[in-house]
> 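Here it is: the structure, laid out below.
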Amino acid sequence: MIKQYTLILLLLLFSGCATYKAKYENPNEAKDVTSTKEVSHTFYLVGDAGKSPMGEMNPALKIFRNALSKADKNSTAIFLGDNIYPAGFPDKKDFPTTYAEAKNHLDAQINTVTDFKGKTIFIPGNHDWYKFGLKGLERQQRYIQKKLDKKNVFLPENGCPIDDVKISDDIILITIDTEWYLTNWDKHPTMNDNCEIKDREKFFEELEGLIKKNSNKTTIIAMHHPMFSYGSHGGQYSVRQHLFPTNGSIPLPILGSIINVLRKTSGASIEDMQNSRYTELRKRLVTLAQYSNKVIFTSGHEHTLQYIVEDNTPQIVSGSGAKKGATRLMNGSKFSSGQMGYAMLEVYTDGSSRIRFFGLNEDEKEKFLFTSEVLSPNRSIEVKNYEETFPTVVEASVYTEEEVVKSGLFKSIWGERYRDYYGMKVAVPTVRLDTLFGGLKPVRKGGGHQSKSLRLQHSSGKQYVMRALRKSAELYLQSMAFKDQYIVGEFDNTFTEEILSDFYTGSHPYAPFTIGTLSDAVDIYHTNPQLYYVPKQKALEDFNETFGDELYMIEEHVSDGHGNLASFGFSNTIISTDDLIKNLRTDEKYKVNKEAYVRARLFDMM
C-alpha cells in the first residue's frame with residue numbers, strides 16, 4: 001500500500017514538472033507573421049552566453065552572429081548578463097588558466113558582433129560578480145571596451161546600479177545591474193565609491209524618475225534577473241532536477257523533491273525569486289513600471305526562452321545563450337522553451353512592438369519558435385473642441401464647500417486647520433498656455449509624490465511647471481505606504497481618500513505665493529510662482545484628460561535657461577545636488593557659498 005501511495009505521489013509530482021519543449025498559450029503564435037510596419041529599432045537579446053568551447057563559439061552564439069550580420073545600423077545587441085561562467089573575470093597573472101577560459105567565453109560573444117552595424121551593450125549578471133567581485137567586474141568592463149574600442153558598451157559602468165541610453169526620440173533603454181541590489185554589500189565595501197547612487201532607496205528614486213520622465217516612450221529595461229519567470233529560479237523544476245537536485249551522478253528520488261520544495265519555499269538562495277531580497281526588488285520594480293504603459297522588461301538568468309505578461313508589463317526572458325533549462329507555462333506565460341536560442345524585439349515607428357524567439361533545430365541551425373505583439377500602437381491624440389475664449393477672471397476654490405464642512409466631533413479630533421481657505425472661492429486670472437510666457441507646450445506629467453503637475457516648455461527650451469493646488473491623496477499613499485504595490489485609482493471616492501485630503505488642510509493652500517517676497521528679503525534664490533485658473537483648452541492636448549478646470553500654480557522649473565532672472569542669480573546653468581557633491585569631492589576648485597547655504601537652510605526650517 002505504501003508503495004502504491006508513493007507511486008501516485010511521484011506521478012502527481014512529475015506530471016507538474018517543468019520541461020524543455022516549446023509550450024504555447026496560443027499555438028498560432030508558433031508561426032511567424034509578416035509585418036508591413038516601419039521598424040524604428042531592433043533589439044537582439046541573448047543572455048547567459050558566457051560559455052563556449054575553447055577557440056570556438058557555442059551553437060546559440062553562431063545563429064546569433066548570423067542574425068546580427070544581417071541587421072542594419074538601427075539595431076542594438078544586448079548581452080543580458082552572466083557573460084562569463086562560472087565565476088567572473090580573474091586576474092591574468094594570478095589565475096592564468098582560469099583567465100584564458102574566461103577570455104575565451106567573452107571573445108566568443110564579442111566575435112558575434114564583428115559584422116554588426118548597430119550598438120553593442122553588455123550588462124552584468126550574478127556570475128560576473130562571483131569570486132572576484134567588483135574587481136572582476138571592472139576587469140570585464142575594461143576588456144570589452146578595449147576589444148570593441150568603444151565606451152558605453154558595458155552598462156551600468158563601474159559596478160553602479162543603473163544607466164540609461166537614448167536610442168531615439170521615442171525609445172529609451174534603461175540598464176540595471178540587479179546583482180548590485182541583491183548582493184551582500186558587506187562583502188564589497190568599496191562597491192559604491194564611484195557611484196552617485198549609494199543606497200538602494202536612491203536607486204528606486206532614480207528608476208522612478210526615468211520611467212516617469214519617459215512615460216510616453218517605449219522603455220526597455222534590460223536587467224539580468226527577471227521579474228516574472230517559470231523556470232528553476234521561479235520554483236519550477238524538471239524531473240531530472242527532482243532526481244538530481246545537486247547536479248550529481250547519484251539519483252536522490254523523494255529526497256531531491258524535498259530539497260526542491262525547501263528551495264522554493266525558503267528562498268535560501270539570493271538568486272531565486274522566492275528570496276526576500278529578490279522579492280523586495282521585484283515588487284518595487286513591477287510597481288514602478290506601472291507609471292508607464294510602455295515598459296518592457298528584458299532579462300536572462302533563467303536558461304530558457306520565455307514571454308510573459310503580468311501586472312500590465314511584458315517580460316522577455318532570453319537566457320539560453322549557452323545552456324538549456326526547463327520551464328512551465330503558467331499564469332501570464334504566453335510562450336516558454338528550454339532550448340538554446342535568442343530573442344529579437346522590433347519597435348515600430350507607430351509605437352507598437354513585436355517579439356520573436358529563435359532556437360536550434362536538430363542540425364543546430366536557426367529555427368523560428370514564437371512571435372507576438374508586445375505593445376500596441378500609440379494612441380492617437382484626439383483633442384476635443386474646447387472654448388477658444390475664456391473669462392478674464394474666474395472665481396474658484398481648491399476644495400468644494402461640502403469637502404470642508406466637518407462635524408464638531410471631527411474638528412475636535414483633527415482640529416480646525418485651514419479648511420476655510422481651501423473652500424473659499426478666490427478671484428484669479430485665467431490663462432491660455434499657448435500665449436503664457438510667449439507660448440508654452442505641455443511636455444510630460446511631473447513625478448511628484450503629492451501634487452498633480454505638468455511640465456511645460458517654451459520654444460527656446462526653458463521649462464516651467466504647472467502644479468495643481470489640490471494635492472493628490474493617492475499619489476501620497478503610493479509613495480509612502482504602498483511602494484511595492486500599485487494602487488493609483490483604487491482609493492477614488494473612499495473614506496481613506498477623504499481623510500487624506502483633509503490631512504492636507506494642515507498647511508495653508510496659498511503659502512507658496514509668499515515665499516518669493518520673503519526670500520528676496522533675506523537674499524535667497526527662488527522660483528516665482530503665480531496663481532492661475534487653467535481651463536481645459538486645446539493647448540493641453542491629450543493632457544486634458546487629467547488636467548484643467550482648476551487652480552494651478554505655474555512657476556519656472558529649476559533647470560537651465562532662466563538666466564535672465566535675478567531670483568536665479570542670473571545663471572543659465574543649473575546642476576543637481578548630486579552633481580554638486582560629486583564636483584566638491586573630485587576638484588577643489590569647486591566651493592559652496594557657506595553663508596548662502598546656511599541662510600537657505602535656516603529659512604527652510606522656519
Side-chain angles (χ1 to χ4, degrees), residues 43-69 71 75-116 118-160 163 175-180 183 222-225 298-301 303 318-323 340-343:
F43 294 89
Y44 294 86
L45 309 168
V46 67
D48 301 68
K51 186 175 179 61
S52 284
M54 291 300 291
E56 297 182 30
M57 190 180 290
N58 75 52
L61 288 180
K62 287 180 180 178
I63 63 170
F64 193 63
R65 176 185 61 184
N66 185 55
L68 295 182
S69 67
S75 306
T76 299
I78 305 178
F79 294 84
L80 292 163
D82 281 1
N83 310 312
I84 300 173
Y85 280 111
F89 205 17
D91 183 85
K92 183 178 182 180
K93 294 180 181 178
D94 296 337
F95 305 93
T97 302
T98 310
Y99 172 85
E101 292 175 354
K103 177 179 176 297
N104 174 78
H105 300 332
L106 274 183
D107 286 344
Q109 294 165 85
I110 292 170
N111 289 339
T112 64
V113 301
T114 302
D115 299 320
F116 181 49
K119 302 180 181 71
T120 299
I121 294 174
F122 285 77
I123 68 171
N126 53 294
H127 282 271
D128 301 306
W129 277 84
Y130 286 172
K131 193 172 183 178
F132 306 105
L134 185 61
K135 290 184 178 179
L137 205 66
E138 291 174 341
R139 274 193 291 267
Q140 183 180 154
Q141 176 183 319
R142 290 192 299 269
Y143 184 83
I144 293 172
Q145 288 174 341
K146 184 176 180 181
K147 289 286 288 187
L148 294 177
D149 193 25
K150 292 178 182 177
K151 297 288 186 180
N152 300 321
V153 290
F154 188 91
L155 298 174
E157 292 184 320
N158 305 320
C160 297
D163 211 333
T175 59
I176 296 175
D177 182 353
T178 42
E179 187 65 15
W180 172 91
T183 194
M223 54 192 167
H224 181 65
H225 296 79
T298 61
S299 309
H301 198 45
H303 304 150
S318 180
S320 57
K323 300 180 180 182
M340 292 167 63
Y342 70 94

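All figures in this text were calculated on a predicted structure; none of them were measured in a lab. Numbering starts at 1 and runs along the sequence shown.
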> Has the side chain of Glu56 got a donor or acceptor atom that lies under 3.5 Å from a matching backbone atom of Ser52?
no
> Is it true that a side-chain atom of Asn104 and a backbone atom of Ala100 form a donor plus acceptor pair closer than 3.5 Å?
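Not confirmed, Asn104 side chain does not pair with Ala100 backbone.
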> How far apart are the closest heavy atoms of Ser318 and Ala343, and which atoms are they?
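Scanning both residues completely, I find the closest heavy atoms to be OG-N, 3.5 Å.
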> Is a side-chain donor or acceptor of Thr175 paired with a backbone partner of Ala222 at a separation under 3.5 angstrom?
no
> Determine whether a donor-acceptor pair (N or O, by modelled atom type, separation under 3.5 Å) exists between the side chain of Gln140 and the backbone of Asp128.
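No, because the side chain of Gln140 does not come within donor-acceptor range (under 3.5 Å) of the backbone of Asp128.
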> Find the distance between CG (Asn83) and NE2 (His224) and round it off to the nearest 0.5 Å.
9.0 Å
> As a quick check of understanding, evaluate side-chain hydrogen bond (donor to acceptor under 3.5 Å, both in side chains) for Tyr130 and Asp82, giving each step before the final call.
CA-CA 10 Å; Tyr130 286 172; Asp82 281 1; over 6 Å; no
> For Gly321 and Ala60, which heavy atoms make the closest approach, and how far apart are they?
O-CB, 3.6 Å
> Applying salt bridge (Lys or Arg N to Asp or Glu O under 4.0 Å), can you list everything that pairs with Asp115, at least two apart in sequence or on another chain?
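Result, salt bridge (Lys or Arg N to Asp or Glu O under 4.0 Å) vs Asp115: none returned.
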> Counting distance only, does the side-chain N/O of His127 pair as donor-acceptor with the main-chain N or O of Ile84 below 3.5 Å?
no
> Measuring from Thr114:OG1 to Asn111:CG, what's the distance to the nearest 0.5 Å?
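Answer rounded to 0.5 Å: 4.5 Å.
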> Hey, does His301 have a side-chain heavy atom less than 4.5 Å from the side chain of Met223?
no
> Keeping the roles fixed (side chain from Asn58, backbone from Lys51), state whether a donor-acceptor pair exists under 3.5 Å.
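Present.
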> Can you see which heavy atom on Gly50 is nearest to which on Ala322, and at what distance?
N-CB, 4.4 Å
> Would you give the length of the straight line joining atom NZ of Lys119 to atom CZ of Phe43, rounded to the nearest 0.5 angstrom?
8.0 Å
> Take Thr120 and Leu68, measure what side-chain contact (heavy atoms from CB on, under 4.5 Å) needs, and give me the verdict at the end.
CA-CA 10 Å; Thr120 299; Leu68 295 182; over 6 Å; no
> Specify whether Tyr99 and Phe89 have parallel, tilted or perpendicular ring planes, treating 30° as the upper limit for parallel and 60° as the lower limit for perpendicular.
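Aromatic pair Tyr99/Phe89 classed parallel.
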> Please name the pair of heavy atoms, one in Pro124 and one in Trp129, separated by the smallest distance, quoted to 0.1 Å.
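For Pro124 versus Trp129, the nearest heavy atoms are CB-NE1, 4.4 Å.
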> With rounding to the nearest 0.5 angstrom, report the CZ to CZ distance, Phe132 to Phe95.
4.5 Å
> Against Tyr342, only a single residue in Leu45, Leu61, Ile63 fulfils side-chain contact (heavy atoms from CB on, under 4.5 Å); can you say which?
Ile63
> Is the Phe79-Phe64 ring centre distance short of 6.0 angstrom?
yes
> CE of Met57 to OG1 of Thr112: how many Å apart, nearest 0.5 Å?
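Taking CE in Met57 and OG1 in Thr112, the distance rounds to 6.0 Å.
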> Does the side chain of Phe122 come within less than 4.5 Å of Ile110's, by heavy atoms?
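SC-SC contact between Ile110 and Phe122 confirmed.
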> Verify, without hydrogens or angle tests, whether Asp48 (side chain) and Leu80 (backbone) share a donor-acceptor contact under 3.5 angstrom.
no
> Let me have the donor-acceptor pairs involving side chains of residues 145-157, under 3.5 Å, with sequence neighbours excluded, atom names and distances please.
unit_1 : atom_1 : unit_2 : atom_2 : d
Gln145 : NE2    : Glu157 : OE2    : 3.2

> Tell me whether Asn158 contacts the main-chain N or O of Glu138 through its side chain, where contact means a donor paired with an acceptor under 3.5 Å.
no
> Could you give the distance from OG1 (Thr98) to NZ (Lys103), rounded to the nearest 0.5 Å?
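Rounded to the nearest 0.5 Å, the OG1-NZ separation comes out at 14.5 Å.
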